[in-house]
2 protein chains.
Amino acid sequence: MTELNNFFKSAFTVDNVIFGFDEGDLKVLLIKRGEEPFKNRWALPGYFVYPNEDLDTAAKRVLEEMTGIRNVFLEQVKTFGAVNRHPFGRVITVAYFSLIRIDNYEVQTSSAVARKAEWHSVSKLKNLPFDHQEILDACFQRLKWMVRYRPVGFELLPNKFTLTELQHLYEAILETELEKRNFRKKILSMNLLIDLDETQEGVAHRPARLYKFDKDKYEQLLADGFNFELKEGKKKMEGVS
Amino acid sequence: MTELNNFFKSAFTVDNVIFGFDEGDLKVLLIKRGEEPFKNRWALPGYFVYPNEDLDTAAKRVLEEMTGIRNVFLEQVKTFGAVNRHPFGRVITVAYFSLIRIDNYEVQTSSAVARKAEWHSVSKLKNLPFDHQEILDACFQRLKWMVRYRPVGFELLPNKFTLTELQHLYEAILETELEKRNFRKKILSMNLLIDLDETQEGVAHRPARLYKFDKDKYEQLLADGFNFELKEGKKKMEGVS
DNA sequence: GCAAAAGTGTTCTCGGTACACCCATGC
DNA sequence: GCATGGGTGTACCGAGAACACTTTTGC
């Protein structure tokens, strides 16, 4: 046991990759660090996990401190534990990603660690401190994957949205272009959208219909063995010898 | 900083779910614990991560201590950190899973922690100690998923195998039945198998052809954007209103 | 009336599914 | 010769892909 005690000298943290979607662009919420290390740098929100706190709980707490909200999509992605990833000692971090509707919530930070929080375009980020770039990349990959197999995209959109908005979201995440008619046909054929019989107002073109995602129906279909699945954009691979 | 030191009191471990395939059955390698807690119980092999050791390295080390082998498929799956999951204190564990060819290696344990190691049928296990059942389930789910989208099944088979063996492997992992002709058509159409022009010997029926997996070709196709994909067994879902 | 985005249908191709019989070997 | 698993082909169907023009609104 005395020997074992040598192992109880590590710390662990959670880091949250919080995705949002705005102006046709996929964003991630970063904080300006108020403490060392990397004081004043933009980084992923995260904090130590308290001794009596489960991992998921810690991730929820960090998310709530950042955004003031609960009950959003949140899922563990991967754990990063390179020996020297943190200058203060051995700290491994469990990365979570979450999806929120940017418009629904004013981002607020009640944490002393963070001076302020701000949305940044995922595609423009590089060289985040610690191994946060690697963490972000891993979460983005996971999102890319997940969006094709689970209807999580709706977590990023307002409750009411147009099909074009939905398509742009998919295009931003998958980093590809989708064909309008086929996309609409596929999405509508799943019967997971409720047509609200409302239209946009005040737009300088033909106003689009508004839809909402039918979560109850999805869950019922899931139980029946339904598989949500969206193919990627362009056709690839021709002529395998 | 003094306050921060309160966080550096945790330990973390890796646990390995080592899958193998034998006699048409998916197996997992368990050790009989030689130490407390849960002494003499069958459990997943795992150990503390050393202070100067990366996570992946630790997972490889544990695997090597168990099986004496290196260079097998090994991937991080999920981290488990419930507050009371370990009786000795706050210990979070990073779960890895790996795939090995049972016949290639004599399982040997050089670890003091493990009295002996043995293969157990995945389907028959329940109530493993700690949260190991949950870990095993998560890894099995991951394997089920992965086997459909990456040609990892071959890691579990001998270098030379028959198509029927391959099919049985998929059936065991996916827990479903597959239709022989369609399975063969699909697999062969991928052009990822090399026909060895050899046949089984000493079997009391028409001997089957032997194949091997063409790893180089797969990697080359991957680079060209090829997607390995296998559908699940039975057709599901009829009549979405 | 013009700019800007919404909305819509058909044809073709490919891959998945369903399904039943003959073949080679050991004993 | 019989038991055992190996091996094969075809017809049908549904989903994805390609593709261009009309509609509705604000200004």
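Small disclaimer: the values here were computed from a predicted structure and weren't measured. To find a chain, count down the sequence lines: A is the first, B the second, and so on, and within it residues start at 1.
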* Walk me through it: do A:Tyr149 and A:Asn227 pass the test side chain to side chain donor-acceptor pair (under 3.5 Å)? => CA-CA 7 Å; A:Tyr149 297 102; A:Asn227 282 322; over 6 Å; no

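Screening A:Val17, A:Asn16, A:Ile18, A:Leu44 for a side chain to side chain contact (heavy atoms under 4.5 Å, CB included) with A:Cys139, the sole residue that qualifies is A:Val17.
Following rounding to the nearest Å, B:Leu230 (CG) and C:dT17 (P) show an atom-to-atom distance of 10 Å. Atom pair A:Glu179:CD and D:dA15:P shows a separation of 18 Å (rounding to whole Å applied). A:Leu178 places its CG atom 14 Å from the P atom of C:dA6, with the value rounded to the nearest Å. If you take CZ of A:Arg206 and P of D:dT25, they are 8 Å apart, rounded to a whole angstrom. Distance CD (B:Glu177) to C1' (C:dA18): 15 Å, rounded to an integer number of Å. Spacing between atom NE2 of B:His205 and atom P of C:dC23 amounts to 18 Å, rounded to whole angstrom units. A:Phe183 places its CZ atom 18 Å from the C1' atom of D:dC19, with the value rounded to the nearest Å. Atom CG in A:Leu163 sits about 20 Å away from atom P in D:dT23, given to the nearest Å.
B:Arg209 comes within 4.0 angstrom of the backbone, heavy atoms only, and of no base. Heavy atoms of B:Lys186 sit under 4.0 angstrom from primed sugar atoms or phosphate atoms, though from no base atom. Counting any heavy atom pair closer than 4.0 Å across all strands shown, A:Gln200 reaches no nucleic acid atom.
When each of B:Lys180 and A:Arg181 is assigned the nucleotide of DNA chain C with its nearest heavy atom, A:Arg181 is the one assigned upstream, toward the 5' end. A residue-by-residue look at A:Ala204 and B:Leu188 shows that B:Leu188 has its nearest nucleotide of DNA chain D further toward the 5' end. Remark on DNA chain D: of its neighbouring residues A:Val203 and B:Leu210, the 5'-side contact belongs to B:Leu210, judged by nearest-heavy-atom nucleotide. Along DNA chain C, the nucleotide closest to A:Pro207 and the one closest to A:Lys185 are compared, and the more 5′ of them pairs with A:Pro207.
Rotation axes derived from the C1' atoms of the five outermost pairs at either end of the helix from C:dG1-D:dC27 to C:dC27-D:dG1 lie 0° apart, to the nearest 10°.
Between A:Phe226 and A:Tyr218, the angle of the ring planes goes over 60°, which puts this pair in the perpendicular group of the 30/60° scheme.
Residue A:Thr164 places at least one side-chain N or O closer than 4.0 Å to OP1 or OP2 of C:dA6.
Using a 4.5 Å heavy-atom threshold, the side chains of B:Leu157 and B:Phe21 count as touching.
To the nearest 0.5 angstrom, A:Leu136 atom CG is 5.5 Å from A:Phe19 atom CZ. One finds the CZ atom of B:Phe183 at 8.0 Å from the CD atom of B:Glu171 (value rounded to the nearest 0.5 Å).
Taking only side-chain atoms of B:Ala208, from C-beta outward, the nucleotide of C:dA6, D:dG7, D:dG9 with the closest atom is D:dG7.
When atom types are taken as modelled, the side chain of B:Glu75 and the backbone of B:Phe97 share no donor-acceptor pair closer than 3.5 angstrom.
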